[in-house]
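Just so it is clear, the values below take in all heavy atoms, side chains as well, and ignore hydrogens, waters and symmetry mates. These figures come from a predicted structure and were not determined experimentally.
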Amino acid sequence: MRLLLRLTKSFIPNGSLSLQKRKMNKLDILLKEINAAALDKKLLKITLGNKRNKTADVKNVFIKPVIIKDSLMLSFVYRHPTQDITKNFSIEEGITSIKNILAESFFNADVYNTTNTIYYSIDKTGKEKMVTKAIETITNVPQLLHDKTKQRIIQANAFYLKELGITTNEGNVKKEMQHKYKQINRYVEIIEGILKETELPDNFSVVDMGSGKGYLTFALYDFLQQKNMAAKVQGIELRDDLVIKCNNIAQHGKYNGLSFIKGSIQETAIENVDMLIALHACDTATDDAIMKGIEAKAKFIICAPCCHKQIRKQMSPTNALKQITKHGILLERQAEMVTDTIRALILEAHGYKTKVFDFIEEEDTPKNVMIVGTRATASENTFTENMEKVKALKELFGIQEHYLETLFK
């Protein structure tokens, strides 16, 4: 109630209601309506859409009221092409966020209450329009609950999760493995987003370069089986003991399309693969994997790079950037950004559409940047244009060469 009074004082001066409304812009009226509906438990949902910048990554924002730890809040879901990001705000913070989003990112807001629907829009010139339509009062309002178990794609009772030490014999996720379980599910959610926009062959094939303990390899195979895909998934791993262990789990679990072989990323021959994955391959091993995927004409190349020593050792700008690179921690971060930017550009030079985004929150893993390349049509112009961009970046940062470039020479 204090929030409502505070918002009312800020939005409405003294005087009659009609005079008050004339002095308020339509966005302020909309925010006041949202605040009142939320506090009166009449708010159902809000949709923000119609992007101001058509190239922006966020497609829509969906908002609904929730109860978290006995507090009324607004839950925001930011819809990206390959992932959804959820953030929860207090009512006051949420209304401020809505105001900022409509000012910067979207033109339209649709607000659904139990008694009416409000349609708000603003054009590029700042002209506002707001229409309120009464509806038949909804008496059966959904309960505002949030403290329920999230439905995961990868279920905790999966056989391989127990064998890999993530869950107990009873199928409960171990406390110390909660982050790994979350990472596994986030991973398959990303894969689901990538695949849903593409028509896939019946014999879809995946190679996981540097599969390690196999957590994500098993999870991907599990996901593809849930989609009734007759997929073949192969993990490539240099360590004998991990290859043997993962093959034993695959055999005991009767995962007939899943296998592991011993080999390095650099030396293993790859042919006829639809998706090549290299997660947390160290330093230039990521580049070796990208090159393998490009040469095999993989439809998808997915990398989560780890460490960027090759570029970091070379960086010696002679311009103002040397003020950044003289500090160790800033040099390291700059090297990461430059390395992965050049990787994305080289993928684009070879005809891949690329996206670079956070794989998972930093508190779960510091290695959280993911590069996704989707094969498109390559051309000589595309190659030349993107390699010129690579050349310009190298000159800017005083870099002699990027390892991935040398692989194609």
Side-chain angles (χ1 to χ4, degrees), residues 45-64 74-89 93-94 96-110 120-124 153 182-183 185-198 275 277-279 286 290 293 299-305 308 333-334 336-377 382 385-386 389-390 393:
K45 63 179 180 179
I46 303 169
T47 300
L48 307 181
N50 191 8
K51 296 189 291 186
R52 289 175 178 265
N53 179 0
K54 299 304 180 183
T55 64
D57 201 36
V58 181
K59 299 167 65 177
N60 296 96
V61 179
F62 302 104
I63 306 164
K64 65 179 181 180
L74 292 177
S75 180
F76 285 56
V77 177
Y78 299 82
R79 178 64 48 82
H80 292 72
T82 59
Q83 62 177 330
D84 290 345
I85 297 176
T86 301
K87 295 183 179 180
N88 300 315
F89 301 100
E93 292 170 335
T96 299
S97 293
I98 293 170
K99 184 174 184 178
N100 292 337
I101 290 171
L102 287 172
E104 299 169 3
S105 304
F106 293 97
F107 287 115
N108 296 352
D110 299 335
Y120 170 86
S121 65
I122 183 170
D123 63 20
K124 293 180 180 179
I153 296 176
K182 181 179 178 181
Q183 183 185 29
N185 276 280
R186 183 76 196 100
Y187 170 65
V188 294
E189 286 171 7
I190 291 171
I191 298 295
E192 182 178 38
I194 294 169
L195 296 183
K196 70 181 180 182
E197 299 177 0
T198 307
M275 177 179 285
I277 297 169
L279 304 182
T286 294
I290 291 174
K299 292 181 176 67
F300 306 98
I301 299 175
I302 302 173
C303 301
H308 303 73
R333 292 175 181 174
Q334 196 68 62
E336 290 177 5
M337 287 190 287
V338 174
T339 302
D340 292 336
T341 298
I342 293 177
R343 284 168 173 158
L345 286 170
I346 293 176
L347 275 166
E348 290 169 11
H350 286 86
Y352 284 80
K353 293 182 179 179
T354 62
K355 293 178 181 177
V356 182
F357 53 90
D358 283 342
F359 173 20
I360 199 166
E361 290 83 357
E362 286 192 6
E363 58 264 30
D364 293 308
T365 173
K367 308 167 187 175
N368 68 330
V369 171
M370 180 168 278
I371 303 171
V372 175
T374 302
R375 192 172 175 220
T377 304
T382 300
E385 180 182 343
N386 283 287
K389 293 176 182 177
V390 171
L393 275 175

- What's the verdict on side-chain contact (heavy atoms from CB on, under 4.5 Å) for Thr286 and Ile371, showing C-alpha distance, side-chain angles and the deciding distance? CA-CA 10 Å; Thr286 294; Ile371 303 171; 5.8 Å; no
- Message: When you compare the side chains of Asn88 and Ser75, does any donor N or O come within less than 3.5 Å of an acceptor on the partner?
- Response: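 Distance-only check passes for Asn88 and Ser75.
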- Query: Salt bridge or not for Glu189 and Arg186, using N-O below 4.0 Å?
  - Reply: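 Yes.
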- Message: Suppose we screen for side-chain hydrogen bond (donor to acceptor under 3.5 Å, both in side chains). Which residues come up paired with His308, at least two apart in sequence or across chains?
- Response: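 Counting only residues at least two positions away or on another chain, His308 forms a side-chain hydrogen bond (donor to acceptor under 3.5 Å, both in side chains) with Asp340.
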Indicate the atoms forming the closest heavy-atom contact of [X] with [Y], along with that distance.
| X | Y | result |
| --- | --- | --- |
| Pro81 | Lys355 | CB-NZ, 3.2 Å |
| Leu48 | Ala109 | CD2-CB, 3.5 Å |
| Gly94 | Leu74 | CA-CD1, 4.0 Å |
| Arg375 | Tyr352 | N-CD2, 3.3 Å |

In the structure I gave you, are the side-chain heavy atoms of [X] and [Y] within less than 4.5 Å of one another anywhere?
| X | Y | answer |
| --- | --- | --- |
| Val58 | Ile85 | no |
| Val372 | Phe357 | yes |
| Glu336 | Val369 | no |
| Phe300 | Ile191 | no |
| Lys64 | Ile46 | no |

Within this structure, what is the [atom1]-[atom2] distance for the pair [X] and [Y], rounded to the nearest 0.5 Å?
| X | Y | atom1 | atom2 | result |
| --- | --- | --- | --- | --- |
| Ser105 | Asn60 | OG | CG | 11.5 Å |
| Asn108 | Tyr120 | CG | OH | 9.5 Å |
| Leu279 | Met370 | CG | CE | 5.0 Å |
| Ile290 | Cys303 | CD1 | SG | 4.0 Å |
| Phe76 | Thr86 | CZ | OG1 | 11.5 Å |
| Leu102 | Phe107 | CG | CZ | 10.5 Å |

Is a donor on one side and an acceptor on the other found under 3.5 Å between the side chain of [X] and the backbone of [Y]?
| X | Y | answer |
| --- | --- | --- |
| Lys51 | Ala56 | yes |
| Arg52 | Phe106 | yes |
| Asn185 | Ile153 | yes |

- Query: Listed by chain and number, what are the salt bridge (charged side-chain N to carboxylate O under 4.0 Å, His left out) partners of Glu192, not counting sequence neighbours?
  - Reply: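 For Glu192 the salt bridge (charged side-chain N to carboxylate O under 4.0 Å, His left out) partners, ignoring immediate neighbours, are Lys227.
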